[in-house]
Number of protein chains: 2
Amino acid sequence: MALEHAILVSLAEKASTGYDLARRFDKSIGQFWTATHQQIYKVLARMEGSGWVVATHVAQDGRPDKKLYDLTEDGRAELRTWIAQPAEPEAARSDLAVKVRGAAFGDPKAVAAEVRRHRAIHQERLDFYLANEKREFPDPSALRGHRLHQWLVLRGGINLERGMIDWYDEVIAALTRKGKR
Amino acid sequence: MALEHAILVSLAEKASTGYDLARRFDKSIGQFWTATHQQIYKVLARMEGSGWVVATHVAQDGRPDKKLYDLTEDGRAELRTWIAQPAEPEAARSDLAVKVRGAAFGDPKAVAAEVRRHRAIHQERLDFYLANEKREFPDPSALRGHRLHQWLVLRGGINLERGMIDWYDEVIAALTRKGKR
DNA sequence: CGTATCTATGCAACTAGTTGCAGTGCAATC
DNA sequence: GATTGCACTGCAACTAGTTGCATAGATACG
């Protein structure tokens with residue numbers, strides 16, 4: 001499983017609380033791995049048990065106390081080992097694609113409308129990623145190390161969103177063509 | 001959950017056994033939804049309990065008996081209802097992208113090699129899809145109804161694979177550029 | 001002749017992930 | 001002054017999906 005390892009990567013970049021991780025997963029890392037805060041807390045506890053991370057209790061005033069997690073040497077070693085291992089080629093999952101395939105057994109016009117809605121959502125995501133790129137990586141050619149890698153993953157997200165939007169356009173065109181359904 | 005509905009779509013196209021479905025999920029439908037045979041048998045049993053499908057026992061000689069599943073009116077209604085409902089925008093999950101992001105905490109050269117391996121796998125998939133398209137949909141402009149929808153989903157798979165390959169190329173180039181790592 | 005693969009179904013035990021709920025205290029909005 | 005939202009953590013119960021195993025006759029390969 002990779003949530004543990006996604007968390008290791010995230011913590012290797014910056015020691016964080018579960019709450020921070022959950023927000024980070026909603027943004028950058030979340031492009032290619034999502035998790036709810038419940039799942040993150042659960043996994044963090046297990047990781048602490050495995051000795052991959054240590055928690056430091058931090059008292060704050062005006063806010064609840066927090067537990068700041070950081071990698072241990074074992075955690076770093078585990079991350080290195082995991083990165084060196086081959087990954088399974090991932091299988092995409094898309095409800096919407098299943099609905100497109102089944103459109104003839106429902107209402108194709110409604111499916112087209114739903115695709116249009118998704119197009120708008122992904123257009124927004126794309127704009128968000130593009131704005132991030134401009135702000136955080138104004139000069140990509142100068143990047144090295146983990147900043148370069150972060151940028152590459154962002155590029156992956158941008159690429160994916162663009163691809164989806166293109167496909168949505170194709171689907172909308174085909175489903176709303178005159179004379180055909 | 002959508003496995004049930006992916007199965008409904010598949011059965012709406014053609015009454016099938018669990019075994020057939022499992023193979024179908026390895027190919028066309030599997031582009032956007034995968035399932036193992038165990039999961040399929042389990043879900044089919046539940047769907048039969050819900051009255052969405054009925055099984056007919058078919059004796060064969062030389063081969064084990066099989067259970068041919070077909071949709072009931074309830075199943076068809078359920079499918080229509082589900083298709084009409086909005087779908088959640090899907091979250092991508094990619095081990096490999098997480099590894100790219102964490103490359104600096106492991107061996108970036110090894111990550112590049114792994115990306116190259118995935119590139120080859122996806123190139124193969126792309127070729128497979130393109131061959132399918134040529135064979136099964138030689139004249140896309142003439143398509144209507146569920147054949148059109150099947151083709152659209154295949155186009156989605158083709159599009160996705162192309163996008164991934166492009167991104168892999170970008171990553172490989174960046175990770176193997178001289179003077180940078 | 002023996003081994004592997006295909007057709008065909010399924011159980012049991014497990015891991016991963018989701019949903020719903022709960023609590024606290026501060027700051028900002030209405 | 002009351003409600004909403006944010007920061008922060010977590011439990012409990014559930015659903016979905018994975019892995020390993022079992023069975024069994026037929027055919028194909030070496």
Side-chain angles (χ1 to χ4, degrees), chain A residues 1-8 15-27 29-30 32-50 53-69 82 87-95 98, chain B residues 1-8 15-27 29-30 32-50 53-69 82 87-95 98:
Chain A
M1 92 123 162
L3 176 55
E4 279 165 344
H5 297 100
I7 290 177
L8 286 179
S16 314
T17 65
Y19 189 83
D20 290 338
L21 287 170
R23 280 193 314 173
R24 204 108 56 86
F25 271 75
D26 276 348
K27 296 190 293 177
I29 294 254
F32 291 111
W33 210 273
T34 44
T36 57
H37 78 268
Q38 289 88 340
Q39 183 68 6
I40 288 170
Y41 284 122
K42 212 190 291 182
V43 170
L44 275 174
R46 185 168 55 203
M47 290 166 78
E48 200 179 5
S50 311
V53 296
V54 266
T56 319
H57 202 90
V58 180
Q60 304 185 107
D61 46 34
R63 288 184 194 177
D65 294 357
K66 62 185 184 181
K67 281 162 83 177
L68 192 69
Y69 286 92
W82 177 74
E88 284 302 299
E90 43 265 337
R93 295 214 151 177
S94 166
D95 266 46
V98 176
Chain B
M1 93 122 160
L3 176 55
E4 279 164 347
H5 298 99
I7 290 177
L8 286 178
S16 313
T17 65
Y19 189 84
D20 290 338
L21 286 171
R23 280 193 314 175
R24 205 109 55 88
F25 271 77
D26 275 349
K27 296 191 292 177
I29 294 254
F32 291 111
W33 209 273
T34 45
T36 57
H37 79 268
Q38 290 89 341
Q39 184 68 6
I40 289 170
Y41 285 123
K42 213 190 291 182
V43 170
L44 276 173
R46 184 166 59 204
M47 290 168 76
E48 198 178 6
S50 310
V53 296
V54 266
T56 319
H57 200 91
V58 180
Q60 305 185 108
D61 46 32
R63 288 182 193 179
D65 295 356
K66 62 184 185 182
K67 282 161 84 177
L68 192 68
Y69 286 93
W82 176 75
E88 284 301 299
E90 43 266 336
R93 295 214 150 176
S94 166
D95 265 47
V98 176

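Just so it is clear: chains get the letters A, B, ... in the order the sequence lines come, proteins before strands, and each one is counted from 1.
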Worksheet item: What's the verdict on side chain to side chain contact (heavy atoms under 4.5 Å, CB included) for Leu44(A) and Leu21(A), showing C-alpha distance, side-chain angles and the deciding distance?
Response: CA-CA 10 Å; Leu44(A) 275 174; Leu21(A) 287 170; 4.0 Å; yes
Practice prompt. Go through the steps to decide whether His5(A) and Asp95(B) satisfy the test side chain to side chain contact (heavy atoms under 4.5 Å, CB included), and finish with yes or no.
Written response: CA-CA 9 Å; His5(A) 297 100; Asp95(B) 265 47; over 6 Å; no
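Counting to the nearest Å, the P atom of dT9(C) and the CG atom of Leu21(B) are 9 Å from each other. The distance between atom NE2 of His57(A) and atom C1' of dC8(D), rounded to the nearest whole Å, is 11 Å. Rounded to whole Å, atom P of dG10(D) lies 7 Å from atom OH of Tyr41(A). One can place CG of Asp20(B) at 9 Å from P of dT7(C), the figure rounded to the nearest angstrom. Atom CD1 in Ile40(A) sits about 11 Å away from atom P in dG17(C), given to the nearest Å. Here dA16(C) presents its C1' atom at 10 Å from CH2 of Trp33(A), a figure rounded to the nearest Å. Atom CZ of Arg23(A) and atom P of dC6(D) are 10 Å apart (whole Å). Distance Asp95(B) CG to dA16(C) P: 12 Å, rounded to the nearest Å.
Between dT15(C) and Arg46(A), no contact under 4.0 Å exists linking OP1 or OP2 to a side-chain N or O. A sub-4.0 Å separation between OP1 or OP2 of dT9(D) and a side-chain N or O of Tyr19(A) is absent.
Note that the two end axes of the helix from dC1(C)-dG30(D) to dC30(C)-dG1(D) enclose an angle of 40°, each drawn from 5 base pairs, rounded to 10 degrees.
Considering only side-chain atoms of Tyr69(A), the nucleotide from dT9(C), dG10(D), dA7(D) that sits closest is dG10(D).
In this structure, the separation between OG1 on Thr36(A) and NZ on Lys42(A) is 7.5 Å, given to the nearest 0.5 Å. Taking CZ of Arg46(A) as the reference point, atom CD of Glu4(A) lies at 4.5 Å (rounded to 0.5 Å).
Thr56(B) is linked by a side-chain hydrogen bond (donor to acceptor under 3.5 Å, both in side chains) to nothing, counting only residues two or more places apart in sequence or in another chain.
Looking only at side-chain heavy atoms (C-beta outward), Ile7(B) and Val53(B) stay at 4.5 Å or farther from each other. Side-chain atoms of Glu90(A) and Arg93(B), non-hydrogen and from C-beta on, never get closer than 4.5 Å to each other.
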Protein-nucleotides 18-20 of chain D N/O pairs closer than 3.5 Å?
{"from": "dT18(D)", "atom 1": "O4", "to": "Lys42(B)", "atom 2": "NZ", "distance (Å)": "2.9"}
{"from": "dG20(D)", "atom 1": "O6", "to": "Gln38(B)", "atom 2": "NE2", "distance (Å)": "3.2"}

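By the 4.0 Å N-to-carboxylate-O rule, Arg23(A) lies close enough to Asp20(A) to be salt-bridged with it.
The two residues Asp65(B) and His57(B) come nearest to each other via the heavy atoms OD2-NE2, 3.2 Å.
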